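Note sheet for the following structure.
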Amino acid sequence: MNSVGEACTELKREYDQCFNRWFADKFLKGDSAGDPCGQLFKRYQLCVQKAIKEKDIPIEGLEFMGASKGKTGNSS
């Protein structure tokens, strides 16, 4: 599945591949330590946020998962 922004699709694929590898090779075998895909996720998240702004997609009132949950305001 492609990302919300065309420019983000490759980052999404890289993150998905990293996460799926970690999930199968580590997490399912009881090793949940570390965050090998965290930096990829952050880069992808920033790309998506930029695409949402550029496309004027309304996100008010939506809840999101992740580290920024509960934060308000604009970081740019």
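Quick caveat: nothing in here was measured; it's all calculated off a predicted structure. We're numbering straight along the sequence, starting at 1.
Here the straight-line distance linking atom CD of Glu54 with atom CG of Asp56 works out to 9.5 Å at 0.5 Å rounding. From Lys12, atom NZ reaches atom SG of Cys47 across 12.5 Å, with rounding to the nearest 0.5 Å. Between atom CG of residue Asp25 and atom NZ of residue Lys29 there is a gap of 5.5 Å, rounded to the nearest 0.5 Å. Cys8 contributes atom SG, which lies 11.0 Å from atom CZ of Arg43 (distance to the nearest 0.5 angstrom). Here the CD1 atom belonging to Ile52 is positioned 5.5 Å from the CD1 atom belonging to Ile57, to the nearest 0.5 angstrom. Distance CG/Asn2 to CD/Glu10: 10.5 Å, rounded to 0.5 Å.
Taking the six-membered ring where tryptophan is involved, the planes of Phe41 and Tyr15 are tilted, since the angle between them lies from 30° to 60°. Ring orientation note: the planes of Phe27 and Phe23 are close to parallel, at an angle under 30° on the 30°/60° scale.
Scanning both residues, Ala33 and Trp22, for their nearest heavy atoms gives O-NE1, 4.2 Å.
Lys55 contributes a side-chain N or O that, together with a main-chain N or O of Val4, makes up a donor-acceptor pair within less than 3.5 Å.
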